[in-house]
Asks: 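Here you go, one structure.
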Amino acid sequence: MMVAVVPDGTGGGWCVELSAAGRPGGEQWHATDLAAEVAARERRDAPRWVWPATATSYPPLLRAGARVGRCHDVELTEALLLGAAGHWGEPRSLAAAHARLTGRPVPPDPPPRPPTPPGDTQGALFDDSPAPPSLQTLIDVYADQRARLRAVPDPGRFTLLVAAESAAALAAVEIGQAGLPWRADVHDALLVELLGEASRVGGPPRRLVELTERIAAAFGERIHPESPAEVLRAFARAGISLPSTRAWVLRQVDHPAAPLLLEFKELYRLWTAHGWSWREQWVHNGRFWAEYVPGGVVSGRWATRGGGALQIPRVVRRAVVADPGWVLVVADAGQLEPRILAAVSGDTRLAEAGAGGDMYAALAAEAFGGDRARAKVALLGAMYGQTGGAAVPALAALRQFYPAAWAFVEAAARTGETGGLVRSWLGRTSPPPSVTARVADLDPADGDSVDVPRAGAAARARGRFTRNFVIQATAAEWANTLLASLRGTLHETAGELVFFQHDEVLVHCLAGEAERVAAAVHGAAEQARVLLFGDTPVRFPLGVSVVECYVDAK
DNA sequence: AGCCTACGCGCC
DNA sequence: AAAGGGCGCGTAGGCT
């Protein structure tokens, strides 16, 4: 059972039942209270909801209590289909898809909304959303998508990709509305502990002021330590020439200011990126409110808008604390990308190594004389396209012992270097070179002559990108599939997904439910493995911790 | 004053 | 240890 639905923008919406073939196959009606209608139909026959875009269609329904099980997200599907057809980056909205279908001028997608802090009501004042599309538009585009979907190289896998992408979109709205439990008082205490007291006027906290003084003493002159240019000049006057002020460069500098600068940079970063003003902007009512954007990264990984939810520093995770009587179930897929490589490359020996708990240890025992660290740099270097450094001899060993895996990543790299497109396991297509190439790499500043060295460097960079794309994009598919499965079983518990970060999920649940939630997450990971890879020997073990505080996980 | 890029660093 | 992939975000510093 499928039901196509178009919200009318006033809390109501148009609905029509679709047949198994995707054509109107039942009653068509207008609901004045769409959320109530959706909730009732969901209870009765749990249809797959076909709608223009989960990101806009679902939030008002969920806010009104209408949680749905499955959907088809036309906009995300359109982006996948456009990519598969080599039309990467063209407008993906329902309106654009319908215009292409009917041969009319294609409207551009609306620019991405700037991040809206949760306390901000500006968004409601400037509602420039276009008129809602007609139900017929939705039906026509959906039928067209089904036809195009059957024409891709592997429709079975692509269908799973569309389902997983749509489910991820549901999960993203739900996680965003749940919010991440956040103790403002704990956050404040750790800021004071590390930074000292905040100054009243919004200036730097005490420890930063002190470090600035000590850096001045070390150089014999006052500088702004947060300015890389000033730091470089100060070192130059002290007779030390540095290529940059990066941390690993400073760590090798023998000068009394160097360790002070390293400490300053770390604390300055904490203050500006996750300090008091960040907390005031993004934390309200005991929750950190982030907005998640599934498929926001070219590889299919999620992005976020506002608050930097995917870059919460480890030290700040101390503020992520479960409610009283509740716990956090933290599940992390260990060594996900090497395991993905083992599964997709068809390398029998690497797949056997991925059947156990520690893949790097298995590689070390087999091909690296027991040196686990060397096995790790070899595998990571192969996936990222490392060409220099100490990893080179290790890469030779990898090539010799795991030739099929080596050939797989090399083929992806060669395709990219020659301007071709690569696809993930389920069929997400990489963007074409014009999208990822830097203008400076391709367009010699003056004259018409081709800049061979720079063109070569650009091709190699492109090769590293496609080499990694096939792995990273497939890993994102596995994670989305896990989420799709998990949100289907989680509702049997009181658990709620509250965070997702590439290969890690957090579930907030009653302490007594933790065991069941942990079992549900393990089951979802296994389900994702089977759905994507069938009978592969590779396993995707989860590290699961039940904790009150996020920082205590693992 | 606003726009843009480079830099640097947090996460995976 | 060094340096390969993907991001978001805040700042400095240049530009218009």
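Within every chain, numbering begins at 1; the chains are lettered A, B, ... in the order of the sequence lines, protein sequences first and strands thereafter.
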Asks: Look at R414(A) together with E417(A) and state whether they make a salt bridge at an N to O cut-off of under 4.0 Å.
Replies: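 Yes, R414(A) and E417(A) are salt-bridged.
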Asks: Kindly give the atom pairs (protein nitrogen or oxygen, nucleotide nitrogen or oxygen) under 3.5 Å for nucleotides 8-11 of chain C.
Replies:
unit_1	atom_1	unit_2	atom_2	d
dG8(C)	O4'	Q311(A)	OE1	3.2
dG8(C)	O4'	Q311(A)	NE2	3.2
dG8(C)	N2	R269(A)	NH2	3.0
dG8(C)	N3	Q311(A)	NE2	3.2
dC9(C)	OP1	G306(A)	N	2.6
dT11(C)	O3'	Y268(A)	OH	3.4

Asks: Would you mind checking if E165(A) and R428(A) are paired as a salt bridge, meaning a charged N to carboxylate O distance below 4.0 Å?
Replies: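 Yes.
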Asks: Regarding K265(A) and E226(A), does a basic nitrogen lie under 4.0 Å from an acidic carboxylate oxygen?
Replies: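 The answer is no: the pair does not qualify as a salt bridge.
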Asks: Using a cutoff of under 3.5 Å, can you pull out all pairs of nitrogen or oxygen atoms linking the protein to nucleotides 13-16 of chain C, with atom names and distances?
Replies:
unit_1	atom_1	unit_2	atom_2	d
dG13(C)	OP1	S227(A)	OG	2.8

Asks: With a 6.0 Å cut-off (strictly less than), is the heavy-atom count around CZ of R287(A), excluding the residue itself, greater than 12?
Replies: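 Enclosed.
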Asks: Hey, is R318(A) close enough to E193(A) for a salt bridge, meaning N to O under 4.0 Å?
Replies: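 So R318(A) pairs with E193(A) through a salt bridge.
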Asks: L506(A) has an atom CG; how far is it from atom P of dC11(B), in whole Å?
Replies: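 Distance check: L506(A) CG to dC11(B) P gives 15 Å.
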Asks: Output every pair passing ring-ring contact (aromatic ring centres under 6.0 Å, His included) with a member in residues 392-432 of chain A, not counting sequence neighbours, ordered by first then second residue.
Replies: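 Residue pairs passing ring-ring contact (aromatic ring centres under 6.0 Å, His included), neighbours aside: W425(A)-F533(A).
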Asks: Looking only at side-chain N and O atoms, does S299(A) offer a donor or acceptor that is under 3.5 Å from a partner on Q472(A)?
Replies: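 S299(A) and Q472(A) do have a side-chain donor-acceptor pair below 3.5 Å.
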Asks: Is the F465(A) ring parallel, tilted or perpendicular to the F469(A) ring (thresholds 30°, 60°)?
Replies: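 Tilted, since the angle between the ring planes falls between 30° and 60°.
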Asks: From NZ of K376(A) over to P of dA1(C), roughly how many Å is that when rounded to an integer?
Replies: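 To the nearest whole Å, that distance equals 13 Å.
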Asks: With heavy atoms under 4.0 Å as the rule, sort V377(A) into base, sugar-phosphate or nothing.
Replies: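 Base, at least one base heavy atom under 4.0 Å.
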Asks: Will you find, in the side chains of W478(A) and D503(A), an N or O donor that is under 3.5 Å from an N or O acceptor?
Replies: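 There is no such pair between these side chains.
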Asks: Aromatic ring centroids of H187(A) and W182(A) under 6.0 Å?
Replies: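 Yes; W182(A) has its ring centre under 6.0 Å from that of H187(A).
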Asks: Could you check whether E210(A) pairs with R206(A) (Lys NZ or Arg NE/NH1/NH2 to Asp/Glu carboxylate O, under 4.0 Å)?
Replies: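 Salt bridge present between E210(A) and R206(A).
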Asks: Just how far, in rounded Å, is P of dG6(C) from CZ of F465(A)?
Replies: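 After rounding, the reported distance stands at 6 Å.
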Asks: Round to a whole Å and report the spacing from CG of D371(A) to C1' of dA1(C).
Replies: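 Going from D371(A) (CG) to dA1(C) (C1'), I get 13 Å.
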Asks: Please report whether the ring centroid of H255(A) lies less than 6.0 Å from that of F219(A).
Replies: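 Centroid distance F219(A)-H255(A): below 6.0 Å, so yes.
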Asks: From CD of Q501(A) over to P of dC12(B), roughly how many Å is that when rounded to an integer?
Replies: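 So the CD-P distance, Q501(A) to dC12(B), works out to 5 Å.
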Asks: If you look at every strand shown and take non-hydrogen atoms under 4.0 Å, does R467(A) touch a base, only sugar-phosphate, or nothing?
Replies: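 Nothing: the residue R467(A), judged by heavy atoms under 4.0 Å, touches no strand.
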Asks: Between the base of dC12(B) and the side chain of R301(A), is there a donor and acceptor pair under 3.5 angstrom?
Replies: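 By the distance-only test, yes, there is a pair.
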Asks: To the nearest angstrom, how far is L379(A) atom CG from dG4(C) atom C1'?
Replies: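 Rounded to the whole Å, the gap is 13 Å.
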Asks: How is L380(A) classified with respect to the nucleic acid when contacts are heavy atoms under 4.0 Å: base, sugar-phosphate, or nothing?
Replies: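 No contact.
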Asks: Do any of residues 403-428 of chain A sit with a heavy atom less than 4.0 Å from DNA chain C, and if so which?
Replies: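 Heavy-atom cutoff 4.0 Å gives no residues at all.
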Asks: Choosing from dC12(B), dA3(C), dG5(C), which nucleotide comes nearest the side chain of E504(A)?
Replies: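 Nearest to the side chain of E504(A) among the choices is dC12(B).
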Asks: What is the separation between atom CH2 on W478(A) and atom C1' on dC12(B), rounded to the nearest whole Å?
Replies: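 After rounding, the gap between these two atoms is 14 Å.
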Asks: Does a side-chain N or O of K265(A) approach OP1 or OP2 of dG8(B) to a distance below 4.0 Å, or not?
Replies: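 Indeed not, no polar side-chain atom of K265(A) lies that close.
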Asks: Write out all pairs satisfying salt bridge (charged side-chain N to carboxylate O under 4.0 Å, His left out) with one or both partners inside residues 167-189 of chain A, taking only residues at least two apart or from two chains.
Replies: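 Checked against salt bridge (charged side-chain N to carboxylate O under 4.0 Å, His left out) - neighbours excluded - the pairs reaching residues 167-189 of chain A are R67(A)-E174(A), E174(A)-R487(A), R183(A)-D185(A), D188(A)-R279(A).
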Asks: Any Lys/Arg nitrogen of R529(A) or E526(A) sitting under 4.0 Å from an Asp/Glu carboxylate oxygen of the other?
Replies: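 Judged by the 4.0 Å cut-off on N to carboxylate O distance, R529(A) and E526(A) do form a salt bridge.
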Asks: Check each residue of residues 243-264 of chain A for a non-hydrogen atom within less than 4.0 Å of any atom in DNA chain C, then write out the ones that pass by number, or none.
Replies: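 When residues 243-264 of chain A is checked for heavy atoms under 4.0 Å from DNA chain C, the hits, listed by number, are W248(A), Q252(A).
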Asks: Atom CG of L341(A) and atom P of dG4(C): how far apart are they, to the nearest Å?
Replies: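 Answer to the nearest Å: 20 Å.
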